[in-house]
Amino acid sequence: MSNGASGAARVSACLGFDFDAISLWIGSMGSTSPSMLSRGEFGAVAVPRILDLLERYQARATFCVPGHSVYAYPDLVRRIRDAGHELGHHGWVHENPQKFDRDGERRNLERGFEAFDKVAGVRPRGYRSPAWDFSEHTIDLLLEFGFDYDSSCMGSDAYPYYLRQGDRASATEPYVFGEPVELVEIPVTWGLDDFPPFEFVWGMNSGLTSPSDIEEIWRGDFDYAYQHCPGSVYALTMHPQVIGRGHRMLMLERLLEHISGHDGVEFETIGAYVDRWRADNPLDRWKGEHPEYAASGTRGAG
Ligand SMILES: [Zn+2]
């Protein structure tokens with residue numbers, strides 16, 4: 001039994017670019033300082049060079065964009081779409097869903113969809129939470145809006161899983177595992193994200209790590225997946241305003257060269273991988289094969 005997706009690819013390399021631009025500095029950092037916001041503007045400078053690099057490797061990638069940034073850079077969003085990449089939902093203004101009530105969170109999701117519809121005529125199938133945070137309502141809302149997948153959680157690494165609805169966490173009572181639902185999770189990890197190691201933020205990130213250090217980590221996870229995890233997904237999370245600097249672009253190019261030198265590896269969008277994985281791992285069968293993700297009621301009380 002494999003946990004992965006059948007088909008040609010031994011490992012699917014899903015390159016993710018969160019094109020947060022200015023919204024990151026407004027929504028997550030609470031700033032309106034022109035200097036601070038200009039760090040996000042650099043993302044728009046970097047997107048074309050990333051698109052050129054992807055074209056050279058004939059790699060299809062997934063760009064997650066907050067609605068606020070979709071409106072700020074409509075031409076770039078259409079250019080990403082026209083190059084065959086996937087566009088993913090990334091909130092309204094890079095807000096943390098935990099800071100909103102259910103209706104506020106729903107409105108942020110609606111505004112993200114509205115921006116993609118008006119600017120690019122697309123409806124994203126996947127969601128990536130800004131800052132990878134969920135509220136207690138997020139999974140309910142993702143189901144309500146009909147998302148196929150999410151990519152914000154960390155309950156696995158090389159293989160996807162189905163998210164649960166109705167988990168209850170308490171420090172005084174045993175954990176309650178809810179019921180797995182039709183929402184595929186493509187797991188992420190801070191170790192495969194460029195923002196913490198590279199982006200300097202006062203009081204938060206020391207940043208400015210040497211790219212060779214990060215290249216070793218990123219290569220290591222790819223090599224392990226290739227050697228041990230057939231049908232798996234290797235999901236990187238990058239930000240144009242971070243990875244787009246010269247020394248990091250050279251590192252990314254070396255990494256793509258390394259990955260593409262392996263037989264049976266495909267660069268594809270998260271959505272394409274999810275379609276294949278879901279067809280190979282229907283929820284009902286998957287639940288039987290993965291008791292570690294099961295609802296409390298089906299675990300047996302020892
Ligand atoms: Zn983001």
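Everything quoted here is computed from the prediction, not taken from an experiment. Along the sequence shown, residues carry numbers from 1.
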**Item:** side-chain contact (heavy atoms from CB on, under 4.5 Å) between Ile139 and Leu143, intermediate numbers included
**Value:** CA-CA 6 Å; Ile139 290 178; Leu143 290 168; 4.2 Å; yes
**Message:** Quick check on side chain to side chain contact (heavy atoms under 4.5 Å, CB included): which of Thr62, Thr237, Asp150 does Arg128 satisfy it with?
**Reply:** Thr237
Non-neighbouring partners of [X] that pass side chain to side chain contact (heavy atoms under 4.5 Å, CB included), sequence neighbours left out:
{"X": "Phe200", "value": "Trp202, Leu208"}
{"X": "Asn96", "value": "Gln98, Lys99, Asp133"}
{"X": "Met251", "value": "Phe198, Pro211, Ile214, Glu215, Trp218, Arg254"}
{"X": "Arg111", "value": "Trp92, Arg107, Glu114"}

Backbone N/O of [Y] and side chain of [X]: donor-acceptor pair under 3.5 Å:
{"X": "Asn205", "Y": "Gly207", "answer": "no"}
{"X": "Arg285", "Y": "Asp280", "answer": "yes"}
{"X": "Arg10", "Y": "Ala225", "answer": "no"}
{"X": "Glu185", "Y": "Cys153", "answer": "yes"}
{"X": "Asp194", "Y": "Val242", "answer": "no"}
{"X": "Thr269", "Y": "Ala272", "answer": "yes"}
{"X": "Gln165", "Y": "Asp140", "answer": "no"}
{"X": "Ser170", "Y": "Glu173", "answer": "yes"}

**Message:** If you apply the rule side-chain contact (heavy atoms from CB on, under 4.5 Å), what do you find for Tyr73 with Glu41, and how did you get there?
**Reply:** CA-CA 10 Å; Tyr73 298 104; Glu41 286 187 74; 3.7 Å; yes
So which atom in [X] and which in [Y] form the shortest heavy-atom distance, rounded to 0.1 Å?
{"X": "Pro291", "Y": "Gly288", "result": "CD-O, 4.2 Å"}
{"X": "Pro124", "Y": "Phe113", "result": "O-CE2, 3.6 Å"}
{"X": "Ser296", "Y": "Tyr175", "result": "OG-O, 3.8 Å"}
{"X": "Ser152", "Y": "Ser129", "result": "OG-N, 2.8 Å"}
{"X": "Ile186", "Y": "Ser151", "result": "O-OG, 2.9 Å"}
{"X": "Tyr273", "Y": "Cys14", "result": "CB-SG, 4.2 Å"}

Beyond-backbone contact of [X] with [Y], side-chain heavy atoms, under 4.5 angstrom:
{"X": "Val47", "Y": "Ile80", "result": "yes"}
{"X": "Val93", "Y": "Asn108", "result": "no"}
{"X": "Leu15", "Y": "Leu256", "result": "yes"}

Please confirm whether the ring centroid of [X] lies under 6.0 Å from the ring centroid of [Y].
{"X": "Tyr234", "Y": "Tyr226", "answer": "no"}
{"X": "Tyr293", "Y": "Trp286", "answer": "yes"}
{"X": "Tyr162", "Y": "Trp277", "answer": "yes"}
{"X": "Phe17", "Y": "Phe63", "answer": "yes"}

**Parallel, tilted or perpendicular: ring planes of His89 versus Tyr127, cut at 30 and 60 degrees** = tilted
When rounded to the nearest 0.5 angstrom, what distance separates [atom1] in [X] from [atom2] in [Y]?
{"X": "His90", "Y": "Asp18", "atom1": "NE2", "atom2": "CG", "result": "4.0 Å"}
{"X": "Glu110", "Y": "Asp103", "atom1": "CD", "atom2": "CG", "result": "9.0 Å"}
{"X": "Asp157", "Y": "Leu192", "atom1": "CG", "atom2": "CG", "result": "9.0 Å"}
{"X": "Leu183", "Y": "Leu163", "atom1": "CG", "atom2": "CG", "result": "5.0 Å"}

Please check if [X] and [Y] belong to a single hydrophobic cluster, counting links between Ile, Leu, Val, Met, Phe, Trp and Tyr side chain heavy atoms closer than 4.5 Å.
{"X": "Val184", "Y": "Tyr159", "value": "no"}
{"X": "Val11", "Y": "Leu252", "value": "yes"}
{"X": "Leu283", "Y": "Leu142", "value": "yes"}
{"X": "Phe147", "Y": "Val188", "value": "no"}

**Prompt:** Which other residues end up in the same hydrophobic cluster as Val45, if Ile, Leu, Val, Met, Phe, Trp and Tyr are linked when side-chain heavy atoms come under 4.5 Å apart?
**Reply:** Phe42
**Message:** Does Phe19 form a side-chain contact (heavy atoms from CB on, under 4.5 Å) with Val70? I'd like the steps, not just the answer.
**Reply:** CA-CA 9 Å; Phe19 180 28; Val70 171; over 6 Å; no
**Message:** Can you pull out every salt bridge (Lys or Arg N to Asp or Glu O under 4.0 Å) where at least one residue sits in residues 69-95? Sequence neighbours excluded, please.
**Reply:** Asp75-Arg78
**Prompt:** Is Glu292 atom CD crowded by more than 12 heavy atoms from other residues, nucleotides or ligands, each under 6.0 Å away?
**Reply:** yes
When the side chains of residues 21-31 are checked against the rest of the protein, which donor-acceptor pairs come out under 3.5 Å, sequence neighbours left out?
from  : atom 1 : to     : atom 2 : distance (Å)
Ser23 : OG     : Asp20  : O      : 2.7
Ser23 : OG     : Ser69  : OG     : 3.0
Trp25 : NE1    : Gln241 : OE1    : 2.8
Ser28 : OG     : His94  : O      : 3.0
Ser28 : OG     : His94  : ND1    : 2.7
Ser31 : OG     : Ser33  : N      : 3.0

Residues in side chain to side chain donor-acceptor pair (under 3.5 Å) with [X], at least two apart?
{"X": "Gln58", "answer": "none"}
{"X": "Tyr57", "answer": "Glu257"}
{"X": "His262", "answer": "none"}
{"X": "Arg39", "answer": "Glu199"}

**Message:** For Arg276 and Glu268: C-alpha separation, side-chain torsions, deciding distance, then whether salt bridge (Lys or Arg N to Asp or Glu O under 4.0 Å) applies.
**Reply:** CA-CA 11 Å; Arg276 218 171 49 253; Glu268 63 181 343; 3.0 Å; yes
For residues 48-56, run the donor-acceptor check on the side chains, cut-off 3.5 Å, and write out each pair with its distance to 0.1 Å, sequence neighbours left out.
from  : atom 1 : to     : atom 2 : distance (Å)
Arg49 : NH1    : Gly244 : O      : 2.7
Arg56 : NH1    : Glu253 : OE2    : 2.8

Cut-off 3.5 Å, side chains only: do [X] and [Y] have a donor facing an acceptor?
{"X": "Ser135", "Y": "Thr138", "value": "yes"}
{"X": "Arg60", "Y": "His85", "value": "no"}
{"X": "Arg219", "Y": "His258", "value": "yes"}

**Prompt:** Does Arg299 make a cation-pi contact with Phe177, if we ask for NZ or CZ under 6.0 Å from the ring centre and within 45° of the axis?
**Reply:** yes
